[in-house]
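Input: a single structure, listed below in structure tokens.
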Protein chains: 2
Amino acid sequence: MTDNSTTMTIGEVAARTGLSVHTLRFYEREGILADPVRRDAGGRRVYTENDIEWLNLCVILRTSGMPVPEIRRYTELARQGDGTEGERLALLREHHARVTAQIGDLHRCLDLITYKIGIYEDFFDEAEREHAGALTP
Amino acid sequence: MTDNSTTMTIGEVAARTGLSVHTLRFYEREGILADPVRRDAGGRRVYTENDIEWLNLCVILRTSGMPVPEIRRYTELARQGDGTEGERLALLREHHARVTAQIGDLHRCLDLITYKIGIYEDFFDEAEREHAGALTP
DNA sequence: CTAGGAGCTCGACTCGACTCTAGATCAAGC
DNA sequence: GCTTGATCTAGAGTCGAGTCGAGCTCCTAG
């Protein structure tokens with residue numbers, strides 16, 4: 001049960017999202033926070049569970065390579081609310097395709113790397129066999 | 001049969017590797033070419049099939065996220081030749097692990113993105129059903 | 001012989017995404 | 001009241017990986 005009314009300081013949010021406080025402020029400047037962060041009497045940022053959730057989504061999007069401007073676009077759409085679902089869906093689908101493609105690329109790279117590793121391993125196996133004076137017919 | 005003695009200009013290499021001529025010169029400065037590129041009488045670079053092969057490996061390593069300095073390290077070891085196989089193998093294994101981990105990360109991101117897409121799709125399905133005045137019991 | 005297209009070097013610039021600094025403010029504990 | 005540690009803002013700096021430009025040279029086709 002995530003209590004929707006408990007609030008956090010920027011430091012706590014940093015701890016919970018894995019982002020640095022610098023990055024949190026940076027993201028806010030870049031306009032990728034769901035709603036403008038509230039402030040307490042002293043002017044410091046006050047975050048809610050909602051913000052954490054949104055930030056976690058942002059982290060996922062960034063980790064999977066979505067550029068900041070595109071996250072901003074998504075955020076703007078979400079802020080606008082009703083009527084933007086189509087564009088949001090399109091944006092996510094596009095990203096989905098890119099990530100899928102990238103995974104494919106990485107797999108192809110991995111195959112070659114695995115192959116190269118195999119060559120080196122063979123090299124050492126061979127050396128060992130010779131060292132042991134094995135009986136290769 | 002790749003003729004090992006045919007040579008190419010930088011432009012041809014660019015066409016064949018997908019790298020720009022700028023990038024080819026940049027890679028050379030960065031020391032990630034197997035051997036110092038030969039030059040013709042006029043001082044222009046002369047590439048061989050070997051260079052192409054090496055560059056293709058570099059492209060794979062870069063695509064899979066190996067930083068340039070690490071490729072340089074690998075290149076240096078390869079240049080030194082005998083006795084460095086162990087370190088080369090270690091380096092490749094490390095990279096293999098990183099790439100594998102990254103693929104895992106991307107899969108995790110993809111799952112969440114897929115989930116989000118599902119939510120939007122449900123939203124539209126629902127809207128459509130209502131529009132059609134369906135008989136949901 | 002000359003025009004145009006590649007190439008050359010060196011150094012500067014870009015871009016994206018942070019990351020850090022300075023100098024001020026604030027809140028809480030002693 | 002004072003200190004200490006967290007926050008604040010605005011703006012500058014960093015880092016990686018290219019990317020580009022200026023000014024020059026060189027080959028080749030017409």
| message | Please enumerate all residues that pass side-chain contact (heavy atoms from CB on, under 4.5 Å) together with A:Thr7, with sequence neighbours excluded. | response | A:Val46
| query | Taking atom C1' of D:dC20 as reference, at what distance in whole Å does atom CG of B:Leu24 sit? | reply | 15 Å
| field | Exercise: do A:Arg88 and B:Tyr120 side chains pair donor with acceptor under 3.5 Å | value | yes
| query | Atom CZ of A:Arg39 and atom P of C:dA27: how far apart are they, to the nearest Å? | reply | 14 Å
| request: Could you tell me which residues satisfy side-chain contact (heavy atoms from CB on, under 4.5 Å) with A:Thr9, sequence neighbours excluded, listed by chain and number? | output: A:Glu12
| Picking from C:dC8, C:dG7, D:dT9, which would you name as closest to the side chain of A:Arg25? | D:dT9
Got a list of side-chain donor-acceptor pairs under 3.5 Å for residues 21-30 of chain B, not counting sequence neighbours?
residue: B:Thr23; atom: OG1; partner: B:Ser20; partner atom: OG; Å: 2.8
residue: B:Glu28; atom: OE1; partner: B:Arg45; partner atom: NE; Å: 2.4
residue: B:Glu30; atom: OE1; partner: B:Arg72; partner atom: NH1; Å: 3.4

| said: I'd like to compare against my own output: the B/S/- annotation of nucleotides 23-30 of chain D with a strict under-4.0 Å heavy-atom distance to protein. | reply: --BBS---
So which protein nitrogen or oxygen atoms get under 3.5 Å of nucleotides 17-19 of chain C's nitrogens or oxygens?
residue: C:dA17; atom: OP2; partner: A:Val68; partner atom: N; Å: 3.4
residue: C:dC18; atom: OP2; partner: A:Tyr27; partner atom: OH; Å: 3.0
residue: C:dC18; atom: OP2; partner: A:Arg62; partner atom: NE; Å: 2.8

| query | Just wondering, do A:Val13 and A:Ile52 contact through their side chains at under 4.5 Å, heavy atoms? | reply | yes
| said: Within residues 7-15 of chain B, which residues have any heavy atom lying less than 4.0 Å from an atom of DNA chain C? | reply: B:Thr9, B:Ile10, B:Gly11
| Euclidean distance, atom CG of residue B:Leu19 to atom P of C:dG7 [Å, nearest integer] | 14 Å
